[in-house]
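Everything below concerns the one structure shown next.
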Amino acid sequence: VSLLAFVSLAIKLYPTIGASALWEYLRGNHEEDESLDPESIICEVGRDELTWIDGTNTEKTMTKKRFRNMVSEEKNK
């Protein structure tokens, strides 16, 4: 599962909230909400950075700003 697929799923599950609110939800719930991350690719969501495991089992990071941009790009498709 790619991070883009994860973002798409998050938007489908929570279509009415914006990117910043979605980030905050992830911060507090990514470990408990299995419907949001069924493949458990998200390792950690901090204040300004998200860490996940990609398809090659490599740990990657993304800034909150890039996440917001990804959510916006997906919503505008």
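FYI, side chains are in, hydrogens and waters are out, and symmetry mates aren't considered; it's all heavy atoms of this structure. Counting begins at 1 with the first residue of the sequence. These numbers were taken from a predicted model, which means no experiment stands behind them.
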Looking at side-chain heavy atoms only, is the closest gap between L26 and F6 below 4.5 Å? yes

Which value, rounded to the nearest 0.5 Å, describes the distance between M70 atom CE and R66 atom CZ? 5.5 Å

Any chance you could measure M62, atom CE, to W52, atom CH2, to the nearest 0.5 Å? 4.5 Å

Just wondering, do V7 and S2 contact through their side chains at under 4.5 Å, heavy atoms? no

Quick check: closest heavy atoms across L9 and P38, and the distance to 0.1 Å? CD2-CD, 3.8 Å

The test is side chain to side chain contact (heavy atoms under 4.5 Å, CB included); show your working for N76 and E74 and say whether it passes. CA-CA 5 Å; N76 291 325; E74 282 299 297; over 6 Å; no

Rounded to the nearest 0.5 Å, what separates atom CD1 in I11 from atom CG in L22? 7.5 Å

G28 and E32 have their tightest heavy-atom pair at O-OE1, 3.3 Å

Can you check whether R68's main-chain N or O pairs, donor with acceptor, with S72's side chain at less than 3.5 Å? no

Report yes if some heavy atom in the side chain of L36 is under 4.5 Å from a heavy atom in the side chain of L13; otherwise report no. yes

For the atom pair SG (C43) and CG (L50), what is the distance rounded to the nearest 0.5 Å? 8.5 Å

Report yes if some heavy atom in the side chain of D48 is under 4.5 Å from a heavy atom in the side chain of T63; otherwise report no. no

Can you tell me how far apart OG (S8) and NZ (K75) are? Round to the nearest 0.5 Å. 12.0 Å

Specify whether F67 and W23 have parallel, tilted or perpendicular ring planes, treating 30° as the upper limit for parallel and 60° as the lower limit for perpendicular. perpendicular

Passing candidate, side chain to side chain contact (heavy atoms under 4.5 Å, CB included) with R47, options K64, E24, R27: R27

Can you find a side-chain donor-acceptor pair between T51 and E44 that sits under 3.5 Å? no

For atom CD of E34, is the number of surrounding heavy atoms from other residues, nucleotides or ligands below 6.0 Å larger than 12? no

Counting N and O atoms only, with roles assigned by atom type, does the side chain of N29 sit under 3.5 Å from a partner on the main chain of D33, one being a donor and the other an acceptor? no

Calculate, to the nearest 0.5 Å, the distance between atoms CD1 and CD1 belonging to I42 and I53 respectively. 9.5 Å

